Amino acid sequence: MRKVILVVIAIVVLLPIAVVLSRSATPAIDLPSSIASIGQASPIAIHVRDPRGVRRIVAYLEQNGARYPVWELAQASSAADSTWSFTAGVKTTPQLRDGKAVLIIEATSNDLLRKTSHLDHEVTVVTQPPTVSVDSEQHYLYLGMADLATFNVSGSWNEAGVRVGDQTFRAWPMPGGKSGLFSLFAFAWNMPAGTVPKVYAANGAGNDVTSPIDFQFPKKEQPKYTVHDLQVSDAFMQKVVGELDPNGSGDMVARFVKINNEMRHANNKTLSDLRFKTAGSFLWSQPFARQAHSQAEATFADLRNYMYQGKKIDQQVHLGYDLAVTQHVGVEASNDGRVVYAAPLGIYGNCIVVDHGYGLQTIYGHLSHIDVHEGDMVKRGQVMGQSGMTGMAGGDHIHFAMQLDGVQIDPKEWWDPHWIQDHIAKRVDLPGFKN
Ligand SMILES: [Zn+2]
């Protein structure tokens, strides 16, 4: 009998304690994004997980033996998984000095045992934003055009370049061992008028600085983009759908429009992502060459209305030149460079992309045959394959396009030695370039 009572006591009294103890957890703390530096008011997010929620979270910055509270959770939270955001920096903690510091997070569980976890994260305090000084040149631009800006960044910085609207173009060290930086940048064909290109520098501590580029839009040089009706025949629709959506089913018009939108979008993303496969040097020294003896059947930023049986079924902007010569003509590299893509690419068919350095790349689409491989170095005028009509092409031609840091641009200036002299070679060392 006594044994039974003891067992009952054990179950009634000890089990709940055991359960509480076993459920007692230590909060797990992590920083969802990397924080390398702390500036004036740097955003910090902390992620805390605890099944019982948290009673207390405190953040400190510790530097030279002193500990400065920077944030505290206002009230206990029962949430098991939460992210809290706050800012920390020199603005609210003026005692901080340039140099190393430690960000310390303490989180206390909401359960009976109130276990506390710590996270220590080393940071660098950067009290001053970088400074930027931009060249004093007048930059003549138009929609779809590229240009080159030179500038200097001083102070502590880890990222710089040119920002145009929501697009960024990387900064590179000046070639030839000269001091300073430069960026090739584009004013995209669809960038809202009035957008001011700016040089920017950031130090990862929320201390971004920008400086506007002096630019002009001469009205007479702004190309007029044309609008065309493109008649979609049943034969063309069947060719495109059969080739690019062979296992699909359903309405042909819907499948065609889906290819023209979703696949085009995905293919353009693939092209744009090739910006990271670029050389940090000029791989070329001559003007870009246009495919020999070619006729331009379409030019850059043509607006196309896709007409089928008298109705407009779609609209797209054509971001390149359609260059026709004869069937299966040898496709010539526009300039020296390195092949960074050589494979089928949806609407572009068999496609080659050549990198020319500093984010500048040429694109060749609709080939019937590709004779180069990714990684190959090619020479200006070198035949890389044969033209064709693979992908969304109704006849044999080369879709020729250019992109700069992933933004498709009008190639025509790059065919012009005078433009290259005035916009590139005059501003940076372009070894071997002769106007
Ligand atoms: Zn084209």
Side-chain angles (χ1 to χ4, degrees), residues 143-144 186 188-190 223-233 235-237 239-241 243-244 256-257 259-272 274 288-308 313-334 341-354 361-370 384-404 406-415:
L143 295 179
W189 63 276
N190 57 351
K224 292 265 180 296
Y225 295 143
T226 56
V227 184
H228 289 293
D229 283 355
L230 191 145
Q231 302 297 334
V232 179
S233 65
F236 179 58
M237 188 175 282
K239 184 243 173 214
V240 168
V241 170
E243 186 183 324
L244 298 176
F256 179 85
V257 170
I259 290 166
N260 208 19
N261 285 268
E262 287 174 24
M263 189 176 283
R264 179 183 295 271
H265 188 79
N267 298 156
N268 283 339
K269 170 87 168 60
T270 302
L271 290 175
S272 182
L274 292 170
F288 285 68
R290 183 173 145 162
Q291 176 74 30
H293 314 297
S294 60
Q295 292 281 332
E297 292 179 332
T299 54
F300 182 77
D302 286 348
L303 183 63
R304 288 176 169 176
N305 292 320
Y306 290 79
M307 306 298 292
Y308 178 68
I313 55 168
D314 203 4
Q315 186 179 68
Q316 296 294 336
V317 178
H318 181 256
L319 295 175
Y321 277 67
D322 285 346
L323 301 175
V325 188
T326 52
Q327 284 194 12
H328 294 203
V329 72
V331 175
E332 300 157 0
S334 181
Y341 190 93
L345 182 65
I347 65 160
Y348 294 97
N350 293 321
C351 182
I352 299 173
V353 180
V354 177
Q361 297 171 330
T362 49
I363 300 162
Y364 313 77
H366 309 311
L367 277 69
S368 56
H369 191 254
I370 295 178
M384 304 184 291
Q386 280 90 52
S387 70
M389 50 187 289
T390 54
M392 195 172 262
D396 189 304
H397 71 272
I398 303 158
H399 175 89
F400 177 73
M402 279 182 96
Q403 62 181 11
L404 182 55
V407 176
Q408 297 209 26
I409 54 173
D410 193 335
K412 86 173 173 203
E413 309 291 5
W414 299 88
W415 290 327

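Keep in mind that this is a model prediction, so the values were computed, not measured. Remember, it's 1-based here, ligands and their atoms both numbered in the order they're listed. If you read the sequence from its start, that first residue is 1, and numbering goes on from there.
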(request) Please round to the nearest 0.5 Å and tell me the distance separating atom CD1 of Ile363 and atom OH of Tyr341. (result) 11.0 Å
(request) Using side-chain hydrogen bond (donor to acceptor under 3.5 Å, both in side chains) as the criterion, point out the one residue from Asn268, Thr270, Thr390 that pairs with Tyr348. (result) Asn268
(request) Classify the ring geometry between Trp414 and Phe288 as parallel (under 30°), tilted (30 to 60°) or perpendicular (over 60°). (result) perpendicular
(request) To the nearest 0.5 Å, tell me how far His399 NE2 sits from Ile347 CD1. (result) 7.5 Å
(request) Please say which of Gln316, Gln315, Gln231 ends up in a side-chain hydrogen bond (donor to acceptor under 3.5 Å, both in side chains) with Asn305. (result) Gln315
(message) No waters, cut-off 2.8 Å: how many protein N, O or S atoms are close to the Zn ion (ligand 1)?
(response) 3
(request) Kindly say whether the aromatic ring centers of His328 and His369 come within a distance under 6.0 Å. (result) no
